[in-house]
Amino acid sequence: MASTLGVLEALLRNPGAIATKLEVKQLLKALLKRPGAITSASEAKQLHAQILKHNPSSPLYTSTAICVYSNFKLLNQSLLLFKTLQSPPSLAYKSIIKCYAVNGRFVESLASFVDMRASGNTPDHSVFPSVLKACAFLLDLRLGEAVHGCIIRLGMDVHLITGNALINIRTGAGADSSVKKVFETMTTRDIISWNTVIAGNAQNGLHEDALAMVREMGGAGLKPDIFTLSAILPIFAQYVDVDKGREIHGYVIRYGFDKDLYVASSLINMYSRCARVEDSIRVFKITRQRDTISWNSVIAGCVQNGMFDEGLRLFRQMLKDNVIPGSVSFSSIMPACAHLTTLNLGKQLHGYIMRCGFDDNVFISSSLVDMYAKCGHIRTAGWIFGGIKGRDMVSWTAMIMGCALHGYAEDAISLFEQMKLEGIRPNHVAITAILTACSHAGMIDEGRRYFDRMTEEYGIRPGLEHYAAMADLYSRKGKLNDAYQLISTMTTPTGTIWSLLLSACRVHKNVDLAEKVASKIFEVDPENIGARVLLSNIYANDGRWKEAAKVRMTMRNMGIRKNPACSWIEVKNKIHTFIADDKSHPLHDEINIALCELQEKMELAGYVADTSEVLHDVDDEQKKYLLYGHSERRAIAFGIMSTPAGTTIRVIKNIRICVDCHTAIKLISKIVGREIVVRDNSRFHHFRDGECSCGEYW
DNA sequence: ATTATATTCA
């Protein structure tokens with residue numbers, strides 16, 4: 001061998017050197033046994049040159065050159081040589097199959113395998129892993145089966161690496177017994193064999209089997225490694241088992257695996273799924289090396305746990321650190337824009353997404369549908385939804401929920417039915433969406449029907465969210481007793497659900513029921529601020545000022561304060577917030593003047609202030625003045641002042657819009673000729689030309 | 001030659 005390498009070295013040191021035919025022959029012969037002796041692409045080219053010079057027509061030498069080229073993944077060079085062969089020998093086929101595979105050209109790789117078999121050449125252990133990988137990548141199960149059969153006939157299923165590749169392809173097809181069979185047939189197994197089975201079980205939902213195998217592998221003298229751990233961490237993430245997850249984290253640190261990016265991302269994800277965002281951020285921060293995936297993990301963790309601003313901050317930081325965002329980055333961050341209703345930011349990201357060519361990604365388009373719907377652009381949402389290829393249940397649900405929020409119940413229902421026709425089974429979220437749609441449109445019968453049938457038709461038992469939607473449906477419609485009955489059938493009704501009924505008691509002025517409901521709420525949730533505020537308002541509305549004051553007093557004694565009513569509007573990328581009776585906005589006086597002018601025009605159009613919802617013990621004139629202070633009106637007035645004529649005004653309010661403001665905004669939309677979109681805490685109102693899309697029902 | 005991590009609706 002040393003002499004062969006000596007020849008090679010001589011050739012390489014002086015490419016112009018003339019080797020004898022004999023030397024080249026010796027060299028090639030040795031290389032047939034040890035192609036690894038060539039250690040660089042340029043050496044491979046030297047070799048090729050020598051072959052061309054001495055034996056250009058020898059299929060064996062040509063094959064050797066192909067083999068050497070393919071070791072360096074040089075597909076084009078390999079192909080050039082391969083095409084010169086009339087009937088390629090086995091080595092040429094094997095090399096080209098592998099070379100295609102390592103270059104990700106799986107279709108061609110498989111085609112060459114088929115050619116090889118047709119030519120009568122017998123494949124061996126060196127090609128099966130590549131071929132199986134190609135089958136796995138292309139999800140070509142039928143060919144995979146055929147290859148498996150071929151492997152068994154050749155007795156190759158005992159071969160370690162081929163066996164591992166076989167396990168891998170079988171786990172990709174879902175959980176079945178053939179995985180275990182292959183695993184047990186193998187005469188030798190290494191950690192990859194174990195890891196592949198474990199990962200397969202984990203991904204196919206066989207969590208217990210996966211964990212049992214992790215315990216078993218110790219018996220075979222193998223310790224879990226980074227592959228094992230990143231395969232099983234998602235299990236604890238799914239089960240929200242932070243104790244087990246922590247245990248793994250300890251093991252990771254003991255074995256020094258914490259520098260591995262896969263492990264780090266899995267840990268970040270595990271902690272955030274277990275609602276431990278702080279831990280997840282800590283793992284991210286101490287992981288020095290970061291990639292798009294670990295950034296995505298931490299960003300998604302923040303967003304999923306409601307830390308939208310932190311998520312956005314990290315997203316910006318990622319861009320600053322020159323980490324290129326991938327499609328997952330966008331689908332992770334978009335919900336932050338949706339929840340914060342930051343339309344402009346959402347639009348900017350949408351532009352970025354289009355520039356990256358990610359707009360055909362279902363995850364991203366579904367998140368865009370949701371973002372546009374939540375930001376009031378239901379038409380844009382519908383347009384994007386219509387363009388989604390391969391819509392999944394989440395895409396449909398986002399659109400249905402969007403319609404629900406905008407009060408388009410009929411559209412929501414027809415989408416829901418269409419989804420079923422396309423063979424997509426609704427899950428509990430989709431049902432929540434359809435019930436919400438019925439609730440926002442007062443469609444009692446339809447809602448009740450979906451609710452009653454959900455268990456038998458979709459196999460989903462009503463959860464809190466479904467009861468909440470139904471309670472809301474009855475409550476809004478004034479069917480307070482029905483709502484009370486329904487909630488009472490629940491095993492453990494929550495304060496939130498009772499509160500839906502309580503707020504209906506206020507609207508429908510039912511003080512007796514309100515007292516009953518309030519006491520139910522305080523039983524389960526004594527600190528429920530909203531309920532105390534509501535109760536005090538209900539008393540005040542009924543003129544029972546003393547009782548109202550008493551509730552307020554209790555609140556003060558308990559040290560709880562209500563969140564002030566506020567509205568906000570985005571103008572030129574800046575969010576302007578208006579809090580009830582707060583005078584701090586720099587244009588406060590101008591806004592007041594504008595509101596007075598509007599008021600005059602409104603009165604000319606027949607507006608009479610409805611002071612029935614002003615819950616202060618003051619005279620009517622003062623009540624009228626208090627209505628001016630309502631935050632949504634001031635936000636709208638500001639919007640009109642600071643945007644060009646005709647621009648749609650979009651305002652968000654943190655609590656339900658009041659009756660008087662609703663009437664006022666209808667008139668304002670007509671007077672100033674603007675479309676005004678107000679989102680309160682449960683839905684959208686589109687005001688245009690004196691009308692509102694909610695049809696007076698909210 | 002074969003193995004693993006992150007994403008949309010509530």
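The sequence lines fix the lettering, A, B, ..., with proteins before strands; numbering per chain opens at 1.
- Residues meeting the side chain to side chain contact (heavy atoms under 4.5 Å, CB included) test with Asp360(A), sequence neighbours left out: none.
- In this structure, Asp392(A) reaches the bases: a heavy-atom distance under 4.0 Å links it to at least one base atom across the strands shown.
- Contact check of residues 244-262 of chain A against DNA chain B (heavy atom, cut-off under 4.0 Å) returns Asp260(A), Leu261(A), Tyr262(A).
- Not counting sequence neighbours, the partners of Ile293(A) by the side chain to side chain contact (heavy atoms under 4.5 Å, CB included) test are Ser265(A), Asp291(A), Ser297(A).
- At the heavy-atom level, Ser331(A) lies under 4.0 Å from base atoms of the strands shown.
- With sequence neighbours excluded, the residues that form a side chain to side chain contact (heavy atoms under 4.5 Å, CB included) with Leu110(A) are Val131(A), Ala134(A), Cys135(A), Leu138(A), Leu143(A).
- Annotation: salt bridge (Lys or Arg N to Asp or Glu O under 4.0 Å) contacts of Lys98(A) (sequence neighbours excluded): none.
- Considering only residues two or more places apart in sequence or on other chains, Gln348(A) meets the side chain to side chain contact (heavy atoms under 4.5 Å, CB included) condition with Leu345(A), Asn573(A).
- Here Ser332(A) lies in heavy-atom contact (under 4.0 Å) with sugar-phosphate atoms only.
- Aromatic ring centres of Tyr93(A) and Phe82(A): separated by under 6.0 Å.
- Note on Arg391(A): nothing from the nucleic acid sits closer than 4.0 angstrom, heavy atoms only.
- Lys374(A) comes within 4.0 angstrom of sugar-phosphate atoms only, judged by non-hydrogen atoms across all strands, and of no base.
- A nucleotide of DNA chain B counts as in contact with chain A when one of its atoms lies under 4.0 Å from a heavy atom; the first and last such, 5' to 3', are dA1(B) to dA10(B).
- The residue Val298(A) sits apart from the nucleic acid: no heavy atom pair falls under 4.0 Å.
- Remark: Gln304(A) pairs with no residue by the side chain to side chain donor-acceptor pair (under 3.5 Å) rule, at least two apart or across chains.
- Across all strands shown, His159(A) has heavy atoms under 4.0 Å from base atoms, whether or not it also approaches the sugar-phosphate.
- Not less than 6.0 angstrom separates the ring centroid of Phe416(A) from the ring centroid of Trp396(A).
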Indicate every side-chain donor-acceptor pair of residues 397-406 of chain A with a distance under 3.5 Å to a residue at least two apart or in another chain.
from      : atom 1 : to        : atom 2 : distance (Å)
Thr397(A) : OG1    : Met393(A) : O      : 2.7
His406(A) : ND1    : His686(A) : NE2    : 2.7
His406(A) : NE2    : Ala373(A) : O      : 2.9

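- If you check every strand for non-hydrogen atoms under 4.0 Å, Lys98(A) touches nothing.
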